[in-house]
Every structure is written in structure tokens, then in C-alpha cells.
Amino acid sequence: MLRASAFTRRQVLLPAKAARALVCRQRNDVAGSIKLPDGLPDVKTEVPGPRSKELLKEMTKKVETGTVSFFVDIQKSKGNFVMDADGNRLLDLFSQIASLPLGYNHPALLEAAGSSEATMHLANRAALGVHPPSSFQQEAIEALMAVAPAGMKEVTPMMCGSCANENAYKVAFMWYQAKRRGEVPFTEEEVSSCMLNQTPGSPKLSILSFVGAFHGRLFGTLSTSHSRAIHKLDVPALDWPIAPFPVLKYPLEKYAAENEAEEKRCLQQVKELISKWSDKGCPVAGIVIEPIQAEGGDNHASSAFFRQLRQIAKEADVAMIVDEVQTGCGATGKMWAHEHWDLSHPPDIVTFSKRMQIGGYYLSRGRPQPYGRIFNTWLGDLAHLAVTRAALKYIRDNDLVKHSAEAGNVLQAGFHALEEKYPTLLVKARGLGPFTAIDGRSEEIRNKLCHDMRQEGVYVGVCGDVSIRLRPMLIFTSDHAKFLLSVFDKVLSKMA
């Protein structure tokens, strides 16, 4: 039974009067009293400016540029601030699509990247599945396992989030078939038929995903991604089940009963789809889900929903794959977002990338046998793993996940205050730690707000149809949050 409190536990709410006072103070601060340790924005031209537009025009002649926002001067970017090609210094809340753990040009990461170790691995990139360096265990595996989610027994490095998920699906299929087959070798028919893409060697199995999900753009992951049509058009898709993801009503405390019923409906659909795909001869081998549907619009569900989903997977004897590509490495106020759920049994697979600087997945049970079926030339990248190790050490030594969670409290309270102050412009303030979002009342409002924020020196991302998403780095503080909210208030006051 879901508890109503499940829908309010993660939000940090201020009383209305206190929330209004917070925004009022923040707006006064932006006039000049806020001092940030890494300086303030400095906007000299429109963003994107003339130099970015010139570079874009030239680049378009030879490279696809439809997704380019503006060009960046990486060398002059620092900390929470990105410098664009026109010399505009922006507070960056998009962080290279949520992939920078410690901001730009962090000394600890520059030192690691410039070390003789990283240079050696960059110049002599190893095929880690065949010829790992003698230091591989100490340099890479121990560092990744030191931050492994509870219950995870081993790790497999990969190149990116998409290939981490793609190979996680393969693991789920191999586990499922091993359970079916028992302790016997492959048959001659299996061996010969798989070479022709036919059963029984190439079995009919499926991965269950959710409406609004995004897990990558490779062939299998694209069949489980449902956030934007343009990602999928003209590409054949696998006939796999797609369950509804809860569409919660906000504010959560007002609609607790309705949201409980919505989550119950979605969980029932999961059960029915597992049964249906079994009956049609394409059984579900795994369920893949994001703790927060990031690309799909920062869609949330309660911890109780995920606990019940874990139980459904366990009862159906299918793998539960938690895609932490965007939510991992401290993004939500805990090292891994699924730690908020208080699961009685760990997920079977947890995938990661982005802030971790390398892709991969953790397993809570044994790897598929025989060996060699999950493989590629590099199986990760030791040069980037040197940076990963330095980032994880700095995060741990400076307790950045905890400090980031505190900044998230300020962001969530401020967003709720702004939503109350500008109800014709904003709706659905939500978040988990600093992983926060708010919706514009329309796509037009959302887009104008993001454009005007850039002109004020703040760069925010978008997702879904009307959502603004914040992906602050782990060095983002409560003072940065207060400054950000004051700029939001300034821009919104002009739009109201």
C-alpha cells in the first residue's frame, strides 16, 4: 500500500510567507550584494553572439550543427561558469548535458589528466579485455567498486551510457536463457541458428521500458527510448512492451490520493504486459527504468512505486536494470539516486556514465557464462578513468554530495516560491536534491524564459515539451542557488 507521505517526503517546502520572503531577499541580492566565490556572470553580447554565429555558419558546411547552442572557450571556462566564444561568462546549469562532476578546469582533474599515467594510457590505449596493464585492478576496478551501489558485486567499464545500457540488456537476456537452459552446454541447433538470426539460438525475448524513457540511441536502447519522435523516425524498432510511467499531479501533497492511484495503475500495467509478452512468445527478460525520466521531462515517481516495481521484477524472475546514466555520481543528493528508494533487494544491474567520465554497469549477481560474450576492443578508457579516480576522491574528501544536497534544498524551496509568485508562467516545481526542474505554462513561455536567462548570464537546459531542467555541478553551493533564483525572479518579473 502506498503512503500519502511518499509523495511529499522528497520535497523541501517552505511556508508560503517564508518562501515569498526568500525570493524577495534573493531579488534584492542580485542588485549587487551577492558575492560568489568564483565570481559573477558577465554578458557582453547577445547569447549566442556574433562569433558563435560565424563559427556555426562555417561548421554547418561540413558537419551537422542543428543541436549546437553556442561555441565555448573551454580554456577560459572555470568552475561553475562557462565562457562562450564571444567572451560571455555564464553560470552553467546544464554542465555539458549533466556530465561535469566538478565544473570546468578543476585543478584536481587537470592534474590527473596531465599526469604521466594518463598521458601513457592516452598514447598507448589498451584493449582492456585482452591486455590490461598490470596496474588495471588498482587504477580502475578498485576505484569504481569503491563507489558501487550497495549489493553490487562487480563492474564492467564501457565507453558511454548508450553502450552501457545496450550491454546490460544483453546480460539480462543471457541470464534469462541460462535459467531456461540449465547447466547444459549450447546445442548444435542453437549454435547454427544464431548465425542466421533465427531461433532457438537467437531467442525471442524482450526488455520492458516506460513511456517517456530515454536509454540511448543504439539499436536496442532506441527501442526502449520514447522521449522524442525525432530520435526514432525511420529506424526499425523491436517489438518490446512499453508500460505507462506515472503522470503525477502537482503539488504532490494536494494530490496524494490521485497520485497513489496513478502509480497503482502503472504497476498493474507492468504485470499485465509481462504476462501478455510471455503469452505471445516473447517473454520479458528485463525491466529498464530511470530513477527520474530526465530527457522525457524530469518525470518523477515515488520511492514506494520503485519498491513495488522491484518486487514485481523479483516475482516475475526478470532482471531489474536501473539506468543511472544521468542521475548517478551524486546528482540527486546521494551517490546513486536509487539509494533514495530503500530497496529490500538491490537492482540486478545499475548502469552509469556522464559524471563518472566513463560508461559501465554494475552487477549484483554473477556475470554470464561462458566468458567473452560481453566484449569490445577497449572496454573503457584508462586515461579517462584516471580523471574519474581523481573526481571521486575529491568528491569523497570534500563531502560534496552532502553539500550539493543542501544546495538542492535551496533550489527546491526557491522554485516552489517562484511557482507561487508567478502562477501564470510556472507550474510543477519538482526535484530530488539538486536535480530539479520546473515547467513553463507553455513551450513558448519555457523557451522565452531560457533565452532571457542566457542574456542575464545563466544557462539552463530543457527537456520534455515544457520543462526547464537544472543539472548543477557538485561544486554548486547554496549561494549559487540563491543567485540563480534571483535571476529567475528578475526575468520572470519582466515576463509577468
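Computed from heavy atoms alone, side chains included, the values below leave out hydrogens, waters and symmetry copies.
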Apply the test side-chain hydrogen bond (donor to acceptor under 3.5 Å, both in side chains) to residues E272 and Q269: give CA-CA distance (whole Å), side-chain angles for both, the deciding distance (0.1 Å), then the verdict. CA-CA 5 Å; E272 292 175 4; Q269 282 286 299; 3.2 Å; yes
For the side chain of T436 and the backbone of Q412, is there at least one donor-acceptor N/O pair under 3.5 Å apart? no
Close side-chain approach of F306 and I289, heavy atoms under 4.5 Å: yes
Could you check whether atom NZ of K249 has more than 12 heavy atoms from other residues, nucleotides or ligands sitting under 6.0 Å from it? no
When you measure from the side chain of S278 to the backbone N and O of S275, does any donor-acceptor pair fall under 3.5 Å? no
Using a 6.0 Å cut-off, check whether atom CD of E188 has over 12 heavy atoms from anything other than its own residue. no
Flag if over 12 foreign heavy atoms under 6.0 Å of CG, L233: yes
Can you see whether S209 engages H226 through a side-chain donor-acceptor pair at a distance of less than 3.5 angstrom? yes
Give a yes or no on this: more than 12 heavy atoms of other residues, nucleotides or ligands lie within 6.0 Å of atom CG of L238. yes
Assess whether a salt bridge exists between R471 and D298, defined as any Lys/Arg side-chain N lying under 4.0 Å from an Asp/Glu carboxylate O. yes
Does NZ in K62 sit with more than 12 non-hydrogen atoms of other residues, nucleotides or ligands closer than 6.0 Å? no
Quick check: closest heavy atoms across P291 and A337, and the distance to 0.1 Å? CB-CB, 3.6 Å
Within this structure, what is the CD-CZ distance for the pair E263 and F245, rounded to the nearest 0.5 Å? 8.0 Å
More than 12 non-hydrogen atoms from neighbouring residues, nucleotides or ligands closer than 6.0 Å to CD on E111, yes or no? no
Are the side chain of S404 and the backbone N or O of L400 linked by a donor-acceptor pair below 3.5 Å? no
Search all heavy atoms of N259 against all heavy atoms of L248 and return the closest pair with its distance. OD1-CA, 3.4 Å
If you compare all heavy atoms of I475 against all heavy atoms of N80, which two are closest, and at what distance to 0.1 Å? O-ND2, 3.5 Å
Candidate pair D465 and R446, rule salt bridge (charged side-chain N to carboxylate O under 4.0 Å, His left out), full reasoning: CA-CA 9 Å; D465 295 326; R446 188 271 307 272; over 6 Å; no
If you define the side chain from C-beta out and look only at heavy atoms, does anything of L309 sit under 4.5 Å from V270? yes
Could you give the distance from CZ (R469) to CZ (F94), rounded to the nearest 0.5 Å? 4.5 Å
With distance as the sole test, does T388 use its side chain to make a donor-acceptor pair with the main-chain N or O of M356 at under 3.5 Å? yes
Side-chain contact, heavy-atom cut-off 4.5 Å: T60 with V68? no
Please check this pair: side chain of S227 against backbone of G212, looking for a donor-acceptor N/O pair closer than 3.5 Å. no
Take Y361 and I374 through the side-chain contact (heavy atoms from CB on, under 4.5 Å) test and state the conclusion after the steps. CA-CA 12 Å; Y361 59 81; I374 303 293; 3.1 Å; yes
Taking the side chain as everything from C-beta on, heavy atoms only, tell me whether P149 gets closer than 4.5 Å to M335. no
Starting from the C-alpha separation in whole Å, work towards a yes-or-no answer on side-chain hydrogen bond (donor to acceptor under 3.5 Å, both in side chains) for H231 and S225. CA-CA 8 Å; H231 297 165; S225 293; over 6 Å; no
When rounded to the nearest 0.5 angstrom, what distance separates CE in M152 from CE in M145? 9.0 Å
How long is the straight-line distance from CD of E260 back to NZ of K264, given to the nearest 0.5 Å? 8.0 Å
Among Q293, R355, E290, E295, side-chain hydrogen bond (donor to acceptor under 3.5 Å, both in side chains) partner for Q326: E295
Would you say R181 and E190 make side-chain contact, with heavy atoms under 4.5 Å? yes
V147 backbone acceptor or donor facing W336 side chain under 3.5 Å: yes
Do Q177 and R180 have side-chain atoms, one donor and one acceptor, less than 3.5 Å apart? yes
Rounded to the nearest 0.5 Å, what separation is found between the CE atom of M158 and the CZ atom of F352? 9.5 Å
Is R310 salt-bridged to D348, going by a charged N under 4.0 Å from an acidic O? yes
Validation row: K276, P241 side chains within 4.5 angstrom (heavy atoms): no
Taking D323 for its side chain and H215 for its backbone only, find out whether a donor-acceptor pair lies under 3.5 Å. no
For residues Y104 and D92, is any side-chain donor paired with an opposing acceptor at under 3.5 Å? yes
Give a yes or no on this: more than 12 heavy atoms of other residues, nucleotides or ligands lie within 6.0 Å of atom CZ of R373. yes
Can T221 and S162 be counted as having a side-chain donor-acceptor contact under 3.5 angstrom? no
Sub-4.5 Å side-chain heavy-atom contact between S135 and E117: no
Counting N and O atoms only, with roles assigned by atom type, does the side chain of S95 sit under 3.5 Å from a partner on the main chain of L100, one being a donor and the other an acceptor? no
Which heavy atom in I207 sits nearest to a heavy atom in F173, and how many Å separate them? CG1-CZ, 3.5 Å
Could you tell me whether a side-chain N or O of W240 sits under 3.5 Å from a main-chain N or O of C282, the two making a donor and an acceptor? no
Minimum heavy-atom distance between W277 and S206, given as atom pair plus value: CD1-OG, 3.6 Å
Keeping S202 on the side-chain end and T199 on the backbone end, is there a donor-acceptor pair under 3.5 Å? no
Can you tell me how far the CH2 atom of W378 sits from the CZ atom of R125, to the nearest 0.5 Å? 4.0 Å
Just wondering, do V322 and W341 contact through their side chains at under 4.5 Å, heavy atoms? yes
Between A143 and R389 the two heavy atoms that sit nearest each other are CB-CG, 3.2 Å
Hey, is NE2 on H106 packed in by over 12 heavy atoms from elsewhere, all under 6.0 Å? yes
